Protein chains: 2
Amino acid sequence: MPDLLRRAEFLLKILVERYIAEGQPLGSRTLAKQSGLDLSPATIRNAMADLEDMGLVKSPHTSAGRVPTQLGYRVFIDSLLTVQPLNAETIRQVEGEFVVGTDPQKLVETTSLLLSEVTKLASLVVVPRREEQLVFRQLDFVGLSGCRILVILVTEDGQVQNRIIDTERGYSPAELVHAANYFNDKYGGVAISEVKHILLADMQRTTEEMQRMMELALEMTRKMFVEPTDEGDDLLVSGESNLMDFPELGDIQKLRKLFDAFTAKRDLVHLLDRSMRAGGVKIFIGRESGYEALKDCSVVVAPYMVDGQVVGTLGVIGPTRMPYEHIIPFVDVTAKLLGGALSSIGR
Amino acid sequence: MPDLLRRAEFLLKILVERYIAEGQPLGSRTLAKQSGLDLSPATIRNAMADLEDMGLVKSPHTSAGRVPTQLGYRVFIDSLLTVQPLNAETIRQVEGEFVVGTDPQKLVETTSLLLSEVTKLASLVVVPRREEQLVFRQLDFVGLSGCRILVILVTEDGQVQNRIIDTERGYSPAELVHAANYFNDKYGGVAISEVKHILLADMQRTTEEMQRMMELALEMTRKMFVEPTDEGDDLLVSGESNLMDFPELGDIQKLRKLFDAFTAKRDLVHLLDRSMRAGGVKIFIGRESGYEALKDCSVVVAPYMVDGQVVGTLGVIGPTRMPYEHIIPFVDVTAKLLGGALSSIGR
DNA sequence: ATTTGGCACTCGATCACCTAGAGTGCTAAT
DNA sequence: ATTAGCACTCTAGGTGATCGAGTGCCAAAT
């Protein structure tokens with residue numbers, strides 16, 4: 001009887017929708033009314049019992065109504081959800097935020113704020129420092145006091161990194177300029193990961209004449225490229241405090257765990273990385289994320305692309321009971337818009 | 001009878017100390033024991049009634065003990081507190097964090113983390129973007145796509161700021177190098193605030209020959225210096241989630257207000273700025289800060305100096321009931337150490 | 001003049017107890 | 001297959017009693 005199954009599905013849909021809206025367990029009486037079907041509460045009860053057997057809903061205790069289980073949410077999202085098209089005005093407003101030609105860092109920060117403000121959830125944006133994809137553009141050396149040199153590295157996409165390094169001996173301004181020019185001529189347009197290799201290779205067969213330059217170059221590479229550049233520096237989180245408004249996270253202990261996860265970042269980055277492959281929006285419900293701290297949360301993420309290449313992921317995190325029908329399309333377009341804005345910066 | 005007054009003071013001291021340690025109202029019985037004085041609870045009660053008249057303590061309700069009032073804390077801190085010298089080992093460990101020659105930004109971030117980790121409170125570090133004090137060192141132009149130029153500004157103290165600007169027309173790499181050299185020769189070592197003025201002045205009497213360069217220079221100044229550089233970008237906060245462990249902040253609503261204050265930042269910056277003048281550690285108790293969100297918190301801050309000049313402030317924020325005798329000296333030495341580490345970078 | 005013991009009193013916390021209401025599962029009737 | 005009816009369960013919320021901690025004040029003691 002596919003008819004019965006269909007009805008059960010329909011009831012599940014209503015139930016999840018109402019529960020997301022109200023936040024309270026639904027009883028058979030209310031569900032009977034809300035469904036619009038001309039069925040008595042008793043019938044609904046039977047159907048609900050079936051849903052419970054299937055593990056899609058459960059009741060917190062004997063005399064409360066039913067709430068969706070994690071699996072229930074899953075089914076709802078995968079096959080029952082009807083996403084709302086974005087409010088046209090919202091779209092326009094959001095587009096306005098992505099002013100072309102802002103530098104990437106700012107752009108990403110704005111996006112993070114935008115996400116959390118519009119959704120009233122906590123937002124996440126990952127900017128993978130994928131050295132492999134970064135292309136070297138220019139290097140500058142600025143002599144500071146003593147043997148300290150400020151190295152400024154610019155990549156094709158307009159990102160700037162800088163770092164102070166200690167050298168074996170002092171260098172004159174002229175030497176620094178000379179060295180920088182040498183670098184820039186030789187390595188301009190080469191992928192950073194390549195630069196490392198080439199440098200190391202060159203170092204083998206260096207002539208006496210290039211000795212001094214290479215000496216500096218060696219120190220550069222070691223300090224600038226090889227030494228770890230603070231992993232975890234690449235996750236932006238905003239709007240965490242929005243989560244305090246949700247009664248289901250009212251337990252301070254839970255909240256504490258969640259906030260600690262935000263500062264630890266490592267796990268979150270890993271989680272978001274998992275969705276890099278996925279073409280579009282990906283949703284982790286409760287324990288699906290694999291992290292205990294997120295067990296009462298859902299994560300909605302989407303990768304964003306620059307020139308057809310996935311370069312990062314963004315999304316929001318909030319209680320499992322969140323308005324997916326609005327959140328999903330919003331995360332989706334934000335990813336697209338950020339990708340677009342970033343694309344227009346490159347060469 | 002200064003004798004009685006002295007005793008009352010002493011009792012206040014014990015009371016505050018015990019309350020800070022235990023977090024529970026103190027009754028006359030316990031206080032009689034804890035004080036070590038050979039007095040009966042009844043006597044203590046009389047003394048406590050006096051303290052209450054003076055507005056130094058109050059009882060939450062009739063049959064609870066007494067807790068310090070804001071004024072009580074004030075008196076305690078101003079004249080009764082005996083600060084604990086820092087654990088020698090802690091000092092050494094902390095000193096280890098300030099490795100000489102790290103770039104300023106990193107240094108400040110480390111400090112913020114250090115503060116919150118050691119004190120288990122939320123930490124604040126202000127890095128005032130005091131243009132007046134920044135000295136221009138070097139400028140670089142990197143041409144991006146179309147008319148977009150990446151401008152990199154380096155100041156004497158090793159800070160690097162960068163910005164993408166749109167120009168009226170495209171410039172060739174040679175032009176950019178030329179312009180940069182011109183800039184660097186002319187303005188190296190001049191205070192940023194001066195650069196603005198000189199530039200504007202020069203622009204008046206520019207010769208035809210310099211026209212093009214000045215055209216670029218004009219755009220530079222406008223976009224780089226004049227347009228506001230995101231005020232508020234200069235406050236670092238860490239360890240907010242530490243605050244969730246304090247029962248007195250257990251009220252989600254209060255917590256929410258506090259966290260919102262952290263993200264708003266404006267008020268906090270203003271608060272910290274107020275302590276810039278003070279020579280050493282300054283303490284705001286509860287409402288003294290003037291901000292409603294902080295009414296149950298205390299703020300302990302100290303300015304830090306580079307080359308004898310106050311350049312910023314740092315400190316912690318936590319519940320009024322915090323172990324001042326440890327926090328105060330710790331904030332103090334942290335400020336000194338950060339100042340020291342920053343001083344050693346400049347020329 | 002201070003200190004103290006005694007005593008009545010107040011208030012919060014805890015517990016047992018009750019009730020109302022919401023919701024269920026099951027059975028028998030339709 | 002649906003429904004009405006009914007007994008049952010469980011929570012939320014309220015009441016009242018008790019306990020213990022702590023106070024304030026008075027009169028006695030030092």
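To find a chain, count down the sequence lines: A is the first, B the second, and so on, and within it residues start at 1. Please read all numbers here as calculations on a predicted model, not as lab measurements.
- B/A64 comes within contact range of the sugar-phosphate backbone alone, with a heavy-atom separation under 4.0 Å but no base atom that close.
- Salt bridge status for A/D245 with B/R256: present, with a side-chain N to carboxylate O gap under 4.0 Å.
- Distance from the side chain of A/T43 is smallest for D/dT3 among the nucleotides C/dC11, D/dC10, D/dT3.
- Taking only side-chain atoms of B/R66, from C-beta outward, the nucleotide of D/dT3, D/dT23, D/dT9 with the closest atom is D/dT23.
- Distances shown here put a side-chain N or O of B/S28 below 4.0 Å from the OP1 or OP2 atom of D/dT23.
- A salt bridge does not link A/K254 with A/E248: every distance from a Lys NZ or Arg NE/NH1/NH2 to an Asp or Glu carboxylate oxygen is 4.0 Å or more.
- Taking atom CZ of A/R29 as the reference point, atom P of D/dG5 lies 12 Å away to the nearest angstrom.
- Listed pair B/R45 / C/dT3 fails the phosphate criterion, with no side-chain N or O lying under 4.0 Å from OP1 or OP2.
- With hydrogens and angles ignored, a donor-acceptor pair closer than 3.5 Å exists between the side chain of B/S63 and the base of C/dC11.
- Of the candidates C/dT4, D/dT3, D/dT23, the closest approach to any side-chain atom of B/N46 belongs to C/dT4.
- Proximity note for B/S40 (side chain, C-beta onward) versus D/dT9, C/dG5, D/dG20: the nearest is C/dG5.
- Both tests hold for B/K282 against B/F284: distance to the six-membered ring centre under 6.0 Å, angle to the ring axis within 45°.
- One finds a salt bridge joining B/R66 and B/E52 here, because a Lys/Arg side-chain nitrogen approaches an Asp/Glu carboxylate oxygen to under 4.0 Å.
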